[in-house]
Asker: 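Pasting in a structure now, in structure tokens, and then I'll have a few things to ask.
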Amino acid sequence: MTKNKNLHGLQFSRRAALAAVAVSAAALFAFAVPTPSFAEDKLIKVGIMAGEEEDIWRVVTSEAAKKGLKIETVVFNDYTQPNEALEQGEIDANAFQHQPYLDNQIQQHGYHIVRTGYTGVWPIALYSKKYKSVADIPEGAVIGVPNDPSNEGRALRVLQSEGLIKLKDGTGILATVADVSDNPKKIEIKELDAGIVGRSIDDLDAGVVNTDWALKSGLSPAERIAQEPVADNPYRNFIAVKAENKDADWVKTLVSSYQNDTVKAEFDKVYKGTGLSAY
């Protein structure tokens with residue numbers, strides 16, 4: 001009888017030991033392999049602009065996949081579309097704009113969109129194929145500027161900083177041609193679509209062109225005769241999401257999938273120094 005009791009006790013001890021080992025192993029595994037706080041392999045749609053950004057976001061998509069976040073990029077060709085698509089829930093995020101542009105869009109349309117992580121900055125510049133310096137620009141010259149609200153004001157500030165025009169006191173960043181108070185060289189300021197200014201440079205004396213469009217238009221740094229300052233630039237681009245999602249874990253993962261050395265290397269390769277990482 002004693003022998004059976006000892007055998008039963010031994011079997012119980014072995015079962016208890018095995019159970020303890022199993023529990024310990026499970027606990028160790030759970031501790032060693034953190035589970036994402038969003039659903040594994042979550043899919044989100046991100047709106048971007050056609051062109052170089054497609055190359056950048058292929059790398060971002062790869063980085064996100066390592067963290068369990070699947071990205072489907074939705075490509076746009078018109079700046080007015082990505083915010084509307086985000087507001088309507090057709091996409092989950094977009095990455096194409098700076099704060100002055102978003103502020104203007106919110107004022108016009110009442111969007112519930114907020115900035116998350118910064119991406120890059122493309123200093124806007126004055127280009128010319130006819131003149132080597134601002135001082136060479138003659139009286140009556142025709143200078144093209146982008147006609148959308150945020151970029152027109154930005155372009156006019158470049159012209160003001162070079163002494164070509166003066167804006168009314170107190171004029172904000174959304175200045176228009178109507179805000180020009182002094183034009184000593186009687187320059188004709190021609191308002192054009194942002195994507196057209198660079199392509200029209202042969203027909204202009206000079207043009208203020210967004211850097212991404214300058215690249216698309218084949219303009220070279222040698223044809224850049226003036227540029228806005230980079231320090232404290234309010235025109236840094238960023239990833240934007242609906243306000244209700246700003247603290248979501250997938251948003252943090254999306255931002256970290258962009259803000260890293262692997263993506264920066266691709267960014268530098270694609271933009272060849274015309275754009276700068278802004279984080």
Side-chain angles (χ1 to χ4, degrees), residues 79 96-108 115 118 120-217 219-238 271 273-276 278:
Y79 283 129
F96 78 103
Q97 65 193 320
H98 47 61
Q99 194 64 51
Y101 182 83
L102 177 58
D103 289 343
N104 180 259
Q105 289 275 291
I106 290 172
Q107 184 178 6
Q108 286 189 12
R115 178 184 72 236
Y118 285 110
V121 61
W122 292 261
I124 201 167
L126 180 65
Y127 292 82
S128 178
K129 289 191 174 183
K130 297 178 182 178
Y131 305 103
K132 297 295 184 184
S133 72
V134 174
D136 294 335
I137 293 177
E139 186 170 327
V142 180
I143 297 180
V145 299
N147 63 3
D148 59 282
S150 59
N151 283 314
E152 181 168 4
R154 189 179 180 185
L156 292 174
R157 289 185 175 281
V158 171
L159 300 184
Q160 177 174 250
S161 69
E162 295 299 321
L164 292 171
I165 63 169
K166 185 176 180 181
L167 297 169
K168 297 174 185 175
D169 291 341
T171 300
I173 59 175
L174 299 179
T176 68
V177 172
D179 294 309
V180 175
S181 61
D182 192 19
N183 186 354
K185 285 192 173 184
K186 298 179 176 58
I187 288 167
E188 179 186 345
I189 300 174
K190 195 165 187 177
E191 298 166 293
L192 301 167
D193 182 84
I196 299 299
V197 183
R199 294 169 185 166
S200 302
I201 201 73
D202 290 332
D203 300 319
L204 302 167
D205 291 294
V208 183
V209 187
N210 295 73
T211 304
D212 54 338
W213 283 114
L215 195 62
K216 291 181 176 76
S217 302
L219 292 170
S220 73
E223 294 159 333
R224 186 188 306 153
I225 60 176
Q227 177 179 293
E228 70 182 359
V230 175
D232 301 319
N233 194 306
Y235 297 101
R236 288 174 290 172
N237 280 22
F238 50 78
Y271 285 108
T274 57
L276 306 170

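Position 1 is the first residue of the sequence, and the numbers go up from there. Only heavy atoms go into these numbers, but all of them, side chains included; no hydrogens, no water, no symmetry mates.
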Asker: Closer than 3.5 angstrom, by distance alone: can the side chain of K166 be matched with the main-chain N or O of P184 as a donor-acceptor pair?
Answerer: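 Between the backbone of P184 and the side chain of K166 there is no qualifying donor-acceptor contact (under 3.5 Å).
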Asker: If we only count heavy atoms from C-beta on, is the L156 to T171 side-chain gap below 4.5 Å?
Answerer: no
Asker: May I ask you to test the R157-E228 pair for a side-chain heavy-atom distance under 4.5 Å?
Answerer: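 Result no, sub-4.5 Å side-chain heavy-atom pair not found.
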Asker: So Y79 and W213, would you call those rings parallel, tilted or perpendicular, with 30° and 60° as cut-offs?
Answerer: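 Perpendicular, since the angle between the ring planes exceeds 60°.
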Asker: Could you tell me whether the side chain of D205 and the main chain of V142 form a donor-acceptor pair under 3.5 Å?
Answerer: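 Side chain of D205 to backbone of V142: a pair is present.
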Asker: Without swapping roles, check the side chain of N104 against the backbone of Y101 for a donor-acceptor pair under 3.5 Å.
Answerer: no
Asker: Specify the closest pair of heavy atoms between A206 and I201, including all atoms of both residues, with the distance to one decimal.
Answerer: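 For A206 and I201, the tightest heavy-atom pair comes out as C-CD1, 3.9 Å.
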Asker: Can you see which heavy atom on A194 is nearest to which on N210, and at what distance?
Answerer: CB-OD1, 4.1 Å
Asker: Is the shortest heavy-atom distance from the side chain of V145 to the side chain of L159 under 4.5 Å?
Answerer: yes
Asker: What's the spacing between R236 CZ and H98 NE2 if we round to 0.5 Å?
Answerer: 12.5 Å
Asker: If only atom types and distance count, is the side chain of N237 paired as donor or acceptor with the main-chain N or O of F96 below 3.5 Å?
Answerer: yes
Asker: Indicate the atoms forming the closest heavy-atom contact of V134 with E162, along with that distance.
Answerer: CG2-OE1, 3.7 Å
Asker: Specify the closest pair of heavy atoms between P146 and V208, including all atoms of both residues, with the distance to one decimal.
Answerer: CD-O, 3.4 Å
Asker: CD of E191: more than 12 outside heavy atoms within 6.0 angstrom?
Answerer: yes
Asker: Rounded to the nearest 0.5 Å, how far does CD1 of I173 lie from CD of E152?
Answerer: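 Answer for the CD-CD1 pair, E152 versus I173, is 13.0 Å.
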Asker: If you look at every heavy atom in S220 and Y127, which pair is closest and at what distance?
Answerer: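 The answer is O-CE2, 3.8 Å.
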Asker: Donor-acceptor check, side chain of S217 to backbone of L219, threshold 3.5 angstrom: yes or no?
Answerer: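 Checked: no pair found.
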Asker: If we count only N and O atoms by modelled type, under 3.5 Å, do the side chains of S133 and D136 hold a donor and an acceptor together?
Answerer: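 D136 and S133 do have a side-chain donor-acceptor pair below 3.5 Å.
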Asker: With a cut-off of 6.0 Å (strictly less than), are more than 12 heavy atoms of other residues, nucleotides or ligands near CG of D169?
Answerer: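 Not buried by this count: 12 neighbours or fewer within 6.0 Å.
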Asker: At their closest point, which heavy atom of T211 faces which heavy atom of I124, and how far apart are they?
Answerer: OG1-N, 4.1 Å
